[in-house]
Amino acid sequence: MTDSPTQLARLRLRMLASAYCNADFWTRRNAYLTDQAVAALARRDVVAAEDLATQLLHPEYIHDTQILGAAVEAGIDTTTWEERREKTQAYARDADQVPPCFDPTTEAHRLWASLYSHYPQTAAALAYYLADLPATWREDLFTRDTNFTRLPSEERPGLETAPYDDRSWEDCEACLEAQDQCRFHKGFFAGMEYQADLVKTLLTDPIAQEHVQQRHTELEHLGVQKAAATKAAASA
């Protein structure tokens, strides 16, 4: 490395450091593949690789016209992209707006509608699978095989399912039934551990900190552009 590293050298340092140090599998994979792609370009055209590295290190907002223009240049048919984007954005909005205490029946309808809309073949396969379930599917899937299952239905404890309120594990009937953490609380604590690992990575990994700061700058820049566009449209 020289005293004044090129943009390409800076980018490769960042990507390889991220690939080695980051805790997230996909971040590591994408960082390594980005480095290898830029390195391959540099072996053919150093100037183009340097320009690409500069763009990656100093990102700007990408307009739809740029993306569509590149697709047309590559001979890619984009006629269905608009509809696909609308469906993806609608799904993201629906998923983001699901309240923490939702109604299971309503959520089941939403999930089915989304699955049927986006993956109809998978929805059909799921329908066949559910139709073939035995009549005892509720007991088989949601109740542990204990002496309780041999009791009359009115005397059986509640099913070992996720609680849909803010009940703690100390008062959870499903945990009491299982004599262990129920599936909901196991997943909850696993998620907390994963979140703690991410926080530790952010506190100790300077590459991750730089990525977060860069993303924050991008979002601020995007917000300024949207505000300017809204103001221009209002004054027109």
Side-chain angles (χ1 to χ4, degrees), residues 4-39 41-42 45-74 76-100 110 114 118 191 194-236:
S4 300
T6 63
Q7 297 294 313
L8 177 60
R10 290 183 59 222
L11 176 67
R12 296 203 64 188
L13 172 62
R14 177 182 296 181
M15 292 298 100
L16 291 175
S18 296
Y20 185 83
C21 302
N22 201 280
D24 182 71
F25 167 79
W26 291 108
T27 299
R28 296 180 61 190
R29 182 177 186 274
N30 290 335
Y32 178 74
L33 293 178
T34 300
D35 169 79
Q36 293 298 291
V38 175
L41 176 62
D45 190 336
V46 177
V47 176
E50 184 71 16
D51 180 62
L52 177 60
T54 301
Q55 294 182 51
L56 290 172
L57 289 171
H58 305 284
E60 296 182 355
Y61 182 77
I62 301 177
H63 297 278
D64 289 349
T65 52
Q66 295 174 267
I67 301 173
L68 295 175
V72 170
E73 183 180 352
I76 299 174
D77 181 12
T78 64
T79 55
T80 62
W81 284 14
E82 185 66 27
E83 181 182 359
R84 287 173 56 189
R85 180 165 69 174
E86 290 179 357
K87 288 185 177 180
T88 302
Q89 291 176 345
Y91 178 79
R93 285 193 300 270
D94 291 343
D96 182 64
Q97 295 172 3
V98 173
R110 188 191 71 81
S114 176
H118 292 84
Y194 177 73
Q195 186 179 36
D197 290 339
L198 292 180
V199 173
K200 291 176 183 176
T201 298
L202 183 59
L203 293 176
T204 58
D205 185 355
I207 303 299
Q209 295 169 6
E210 187 174 356
H211 282 323
V212 172
Q213 292 173 354
Q214 178 179 329
R215 181 57 179 162
H216 180 69
T217 302
E218 293 173 7
L219 292 175
E220 282 188 337
H221 182 65
L222 182 59
V224 170
Q225 286 190 327
K226 287 183 176 180
T230 302
K231 184 177 179 180
S235 60

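Position 1 is the first residue of the sequence; numbering continues from there.
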For the pair N30 (side chain) and W26 (backbone), establish whether a donor and an acceptor sit closer than 3.5 Å, ignoring hydrogens and angles.
yes

For a quick test of your reading: what N or O donor-acceptor pairs under 3.5 Å do the side chains of residues 45-56 make, sequence neighbours left out?
residue	atom	partner	partner atom	Å
D45	OD1	V47	N	3.2
D45	OD1	A48	N	3.1
E50	OE1	L8	N	3.2
E50	OE2	Q7	N	2.7
D51	OD2	Q55	NE2	2.9
T54	OG1	E50	O	2.9

Specify the closest pair of heavy atoms between N22 and R28, including all atoms of both residues, with the distance to one decimal.
O-CD, 2.9 Å

Enumerate the salt bridge (Lys or Arg N to Asp or Glu O under 4.0 Å) contacts for residues 62-71, please, sequence neighbours excluded, ordered by first and then second residue.
D64-R85

Compare all side-chain heavy atoms of M15 with those of Q36 and state whether any distance is below 4.5 angstrom.
no

Between the CZ atom in R29 and the OG1 atom in T34, the distance rounded to the nearest 0.5 Å is 10.0 Å

T230 side chain to K226 main-chain N or O, any donor-acceptor pair under 3.5 Å?
yes

Would you say L219 and R215 make side-chain contact, with heavy atoms under 4.5 Å?
yes

Pairs where residues 198-208 contributes a residue and the test side-chain hydrogen bond (donor to acceptor under 3.5 Å, both in side chains) is met, not counting sequence neighbours:
none

Looking only at heavy atoms, what is the nearest atom pair of A19 and A31, with distance?
N-CB, 3.9 Å

Rounded to the nearest 0.5 Å, what separation is found between the CD atom of E220 and the CG atom of L222?
11.0 Å

Does H216 have more than 12 heavy atoms from other residues, nucleotides or ligands lying within 6.0 Å of its NE2?
no

